[in-house]
Amino acid sequence: MLSGYWHFTPEVLVVCGAFAALFGGYLPGKDRGAAYAAAGAAALAAAIVAFGGTGGPIVFGQLEPDSVARYARTGLAGLTAVWVLWVAGRGMPGERRREGVALALFATAGGMLLSMAEDLIVMFVTLELATMPAYVLMGYRRKDVSGLKRALDYFVDSILASVIVLYGLSFLYGISGSTAFSGLELEGSGMLGFVAVMLTLVGLFAKVSAAPLRHWTLDANAKAAPVSLAFVSTVPRVAGIVVMSRLILAIAASAPAIGILVGVAAAASMIAGNCAALSQGDLRRLLICSGIAHLGYLMMALAAGTETGYGAAVFYAVAYAVPSMGVMLVVAEEGVAIGDFARLASRRPWVAWSMVLWLLSLIGIPPLAGFFGKLYLIGAALQAELMALVLLAILATLLSAAYYFRIVREMFFGDEDEQVGGAIEPSHAATVALALCAVATVAIGIGAPRLIAALGVRFG
Amino acid sequence: MAVGPSAFMGVAAVLFSLGLYGVLTRKNAVMVLMSLELMTVAACLNMVTVSRFVTPAEMTGQVFAVFAMAVFAAQIGIGLALVLAVYRQTGSIELSSKKAT
């Protein structure tokens, strides 16, 4: 049984990196050195997962490092490495770096374990490990009263979602008599099964901020520091999406009706997210709203309830998070109002062109990551003959181009007078972090056919 | 009279509903945290009930409940820290999201 334990090497490395960051006062370079050490640990962990092998179930079948988990773990560790590298260059606003970096790495370790979870207990514990540091990161500035208040609201709502998930899981366990995903059996459970699935899904949707309970994320996140938001809206969220997809696939085997629930939530997320994003002037709010819409596209594939839909959804989770992290980090550098981006192209041409790349990927223009991601999502939905959802997704994508291109227009043709922020000092670490995001956006796009084959997606 | 699983699950459902009511109506952050704890207890009671009546030999539910309690102890720790941080700045522990109602 101990033979599979080497699969945990990356997680151990990430936790070691977190401790190294915590005790950064003893490292050369102090605070900044701590962040570099943590970024190195996360990057090494990503490389080990990417080039390491996959395997069958380990630890009594509670975790399974399969190819889907490998893809998700590489993405999570890589995203964290990029974020920490950026923080090493620019710092956390108003506070020192090392606690924030350590918390981010703990969340990443939780997220990486979460994407391997094959058991309800492991899933719940790691889900909390992945999201708990987010509450602290949201209220990271001690002097910022409104930020702290929002963090407290965010905390209460997120815990409420956790408790609802927990209550739902207790019913799922009660009906099937087992906590393993493979042992979930809802056939003929009637009303109790419906209640169990509803509670679990509503809680999980709230955790990853999908449609029915999405308002709280928007209100609570809108005042947070953009750099915290760049982490909170990508890494823990991707991990949550991966495990949600896994659980939906496991439930769909014995209760196909779950597809209707997921489909309705998908449609609601697409409509609500895109409509809300259209009128936002604050880029944080715009990106959160569009994140809800992207989750809608993703759940469209989950509504199919097939292996193909599952693989496509996990692929899209990372393919969406990479450009979204890039955009959020630039927002953290430039400012949160859309006017702050005026004439970015003449001030910092490379950053402006990277922004264009990320926004095009978010819209879904070939050959970038977002295009292939959406292609596979639509393919999976078409296989299950969900025509209405596919049409809605295409319309929503066209609509999304409107607000993404507003940012592009501001960067290239904006009114120079509006620009209030001064020039920011150059930082090599931050530049490298942004460049990595841009390269990854293209690389995921180019490597998409190979990646998706490894994720078990089959068309035709 | 034998007490079956439905009695325990009924108590759990009542506890859960009371907690949910508290979370949705209270403005005081500490009261909200206590209501959340009540909901957790309900979920744990549910698990232990299931474990006792469905899989008595395996104790899975008890283990699940112990893990859930440990996790929530940590959560409430973070919550109280946030409440304290807000209290130091503003001298109030009311939740801002419910000011309007």
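Naming convention: chains lettered A, B, ... in sequence-line order (proteins, then strands); numbering from 1 in each chain.
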Side chain / backbone / both / neither for A:Tyr173 at chain B, heavy atoms under 4.5 Å: both
For A:Ile175, which atoms come within 4.5 Å of any heavy atom of chain B: side chain, backbone, both, or neither? neither
Of the listed B:Val48, B:Ile78, B:Val54, the one with the largest count of heavy-atom pairs under 4.5 Å with chain A is B:Ile78
Identify which part of [X] has an atom lying under 4.5 Å from any heavy atom of chain A, answering side chain, backbone, both or neither.
X	answer
B:Phe53	neither
B:Phe16	side chain
B:Ala81	neither
B:Thr40	both
B:Val83	both
B:Ser51	both
B:Ala68	both
B:Val71	both

Salt bridge check: are A:Asp282 and A:Arg285 linked by an N-O gap of less than 4.0 Å? no
Heavy-atom pairs under 4.5 Å with chain B: which of A:Leu129, A:Val163, A:Leu148 has the most? A:Val163
Ranked by heavy-atom pairs below 4.5 Å to chain B, first place among A:Thr179, A:Leu169, A:Val136, A:Leu160 goes to A:Leu160
Check whether any side-chain heavy atom of [X] lies under 4.5 Å from a side-chain heavy atom of [Y], and answer yes or no.
X	Y	value
B:Phe64	A:Leu166	yes
A:Met123	A:Leu204	yes
A:Leu199	A:Val195	yes
A:Thr200	A:Leu172	yes

For A:Ser158 and A:Tyr135, does a side-chain donor sit closer than 3.5 Å to a side-chain acceptor? yes
For A:Leu186, is there any backbone N or O sitting under 3.5 Å from a side-chain donor or acceptor partner on A:Ser254? yes
Begin from the C-alpha positions of A:Phe231 and A:Tyr140 and carry the test ring-ring contact (aromatic ring centres under 6.0 Å, His included) through to its verdict. CA-CA 13 Å; A:Phe231 184 81; A:Tyr140 200 66; over 10 Å; no
Does a sphere of radius 6.0 Å around OH in B:Tyr87 hold more than 12 heavy atoms from other residues, nucleotides or ligands, not counting ones at 6.0 Å or beyond? no
